[in-house]
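Let me begin by presenting the structure, written as structure tokens, before commenting on it.
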2 protein chains.
Amino acid sequence: MSESNDRLRDVFRAAGRRLTPQRRLILEVLEESDEHLDAEALHDQAKIHDPDISLATVYRTLAVLKEMGLVEEHHLGEDHSHYEAVRDGPHYHFTCLGCGKVIEFDTPLIAQVKQELSEREGVRVIGAHLHLSGYCAQCQAKKAGGQGSNEE
Amino acid sequence: MSESNDRLRDVFRAAGRRLTPQRRLILEVLEESDEHLDAEALHDQAKIHDPDISLATVYRTLAVLKEMGLVEEHHLGEDHSHYEAVRDGPHYHFTCLGCGKVIEFDTPLIAQVKQELSEREGVRVIGAHLHLSGYCAQCQAKKAGGQGSNEE
DNA sequence: TTGCTAATGCAAATCATTCTCAATAAGAAG
DNA sequence: CTTCTTATTGAGAATGATTTGCATTAGCAA
Ligand SMILES: [Mn+2]
Ligand SMILES: [Mn+2]
Ligand SMILES: [Zn+2]
Ligand SMILES: [Zn+2]
């Protein structure tokens with residue numbers, strides 16, 4: 001029982017950082033969530049497991065996790081940020097202007113764009129955020145049909 | 001000389017809004033700038049021509065112009081928004097993480113992505129923001145020269 | 001176990017953006 | 001041109017998100 005069986009701790013050590021219960025918790029909440037949480041929602045979730053965790057720690061941890069490449073920040077139309085744990089392949093987002101729903105999708109075309117730009121401009125592309133917006137199928141139907149509920 | 005020779009005023013009237021000197025000025029500043037200005041920089045520019053224009057009016061006008069499709073808002077890595085006048089064709093952005101330089105580019109591939117997604121998900125895509133980040137040619141050179149960082 | 005110091009909780013501070021409200025002025029009507 | 005309605009403005013307070021200072025705690029290397 002003396003082996004370092006803790007991958008996450010190793011990752012933090014490699015980055016010269018300490019792994020605290022709060023950090024582990026925040027990352028867990030993000031990894032288990034299928035939504036794009038904002039800081040406050042994340043804080044609420046985390047408080048279920050650690051009622052004393054502070055919002056400041058949430059923000060500080062998000063910054064750390066982002067720096068370590070474990071978490072991504074998104075600006076999805078709202079005035080504040082949303083976060084999600086980084087998964088295997090990249091993916092992109094569509095936000096419905098009517099109901100706020102977010103659809104995730106992937107496409108090899110973005111890799112092509114990166115390639116094109118790298119060659120054309122001599123840049124090295126690290127990150128790619130594609131954010132489409134418009135109206136989802138349901139919201140289109142709602143609009144076309146008649147009039148009724150208006151949410152924002 | 002009695003013709004309504006004022007296109008912009010017509011656009012505003014058609015939108016049921018009033019064209020004020022402040023609004024005209026703000027749009028002019030944006031159209032004449034080749035940068036992606038934030039609200040404060042825009043305010044500073046505008047104050048050169050109208051020292052009394054308020055920051056609140058800048059924000060309010062940006063909202064109006066955005067709604068009218070004359071201006072676009074961008075989140076370019078910074079924690080605040082940047083704005084630019086909408087031009088003919090769409091274009092996308094690359095930000096250098098080293099020096100902050102923004103490179104604009106276009107590619108037909110994004111239209112393909114929009115098409116793909118529309119068909120696959122039945123959504124109607126209105127807007128598309130692609131934001132790449134990484135290091136520009138100069139910043140790569142700077143990095144390679146100084147330290148022993150070796151990659152790819 | 002000890003010691004150094006990174007990380008935390010709390011509250012105050014900052015920063016960007018929005019709102020309130022009285023005064024002003026755009027533009028339609030006459 | 002004058003009048004009238006009310007959208008728009010400037011100033012500053014208010015808000016909401018994120019950050020920071022500081023005293024205390026606790027991770028982890030030795
Ligand atoms: Mn996602
Ligand atoms: Mn641009
Ligand atoms: Zn919808
Ligand atoms: Zn650069």
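Because the structure is predicted, anything quoted here is derived from the model rather than measured.
- His93(A) and His36(A) have their aromatic ring centers within a separation under 6.0 angstrom.
- What separates CG of Leu55(B) from P of dA16(C) is a distance of 10 Å, to the nearest Å.
- One finds a side-chain N or O of Arg9(B) lying less than 4.0 angstrom from the OP1 or OP2 phosphate oxygen of dG27(C).
- One can place NE2 of His75(B) at 15 Å from C1' of dT18(D), the figure rounded to the nearest angstrom.
- Counting to the nearest Å, the C1' atom of dT18(D) and the CD atom of Glu73(A) are 10 Å from each other.
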Does the salt bridge (Lys or Arg N to Asp or Glu O under 4.0 Å) test come out yes or no for Arg24(B) and Asp50(B), once each step is laid out?
CA-CA 11 Å; Arg24(B) 195 191 291 272; Asp50(B) 174 359; over 6 Å; no
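- Of the side-chain N and O atoms in Gln22(A), none sit less than 4.0 angstrom from OP1 or OP2 of dA26(D).
- Dashed line: the shortest gap from a side-chain N or O of Thr57(A) to OP1 or OP2 of dG9(C) is under 4.0 Å.
- Remark: P of dA30(D) and CZ of Arg13(A) are 11 Å apart, rounded to the nearest angstrom.
- In this entry the distance linking CG of Asp79(A) with P of dA16(C) reads 15 Å, nearest Å.
- Here the P atom of nucleotide dA25(C) and the CZ atom of Arg17(B) are 20 Å apart, to the nearest Å.
- Side-chain nitrogen and oxygen atoms of Tyr59(B) include none within less than 4.0 Å of the OP1 or OP2 phosphate oxygen of dT18(C).
- Along DNA chain D, the nucleotide nearest to Ala39(A) and the one nearest to Pro21(B) differ in position, and the one closer to the 5' end is contacted by Pro21(B).
- Summarising the geometry of Cys136(A) relative to Cys96(A), their closest heavy-atom pair is N-SG, 3.3 Å, with the distance given to 0.1 Å.
- The interatomic distance linking Phe12(A) (CZ) with dA6(C) (C1') rounds to 13 Å, in whole Å.
- Residue contacts shown for Asp52(B) are limited to sugar-phosphate atoms, with no base heavy atom under 4.0 Å away.
- Protein atom CG of Leu25(B) is 10 Å distant from nucleotide atom P of dG10(D), rounded to whole Å.
- A donor-acceptor contact under 3.5 angstrom links the side-chain atoms of Arg60(B) to the base of dG10(D).
- The two residues Phe94(A) and Val123(B) have their closest heavy-atom pair at CZ-CB, 3.6 Å.
- Listed pair Thr20(B) / dA25(C) fails the phosphate criterion, with no side-chain N or O lying under 4.0 Å from OP1 or OP2.
- In the model, Glu119(A) has a side-chain atom that pairs as donor or acceptor with a side-chain atom of Gln115(A) under 3.5 Å.
- Side chain Arg18(B) to base dA7(D): a donor-acceptor pair is found below 3.5 Å.
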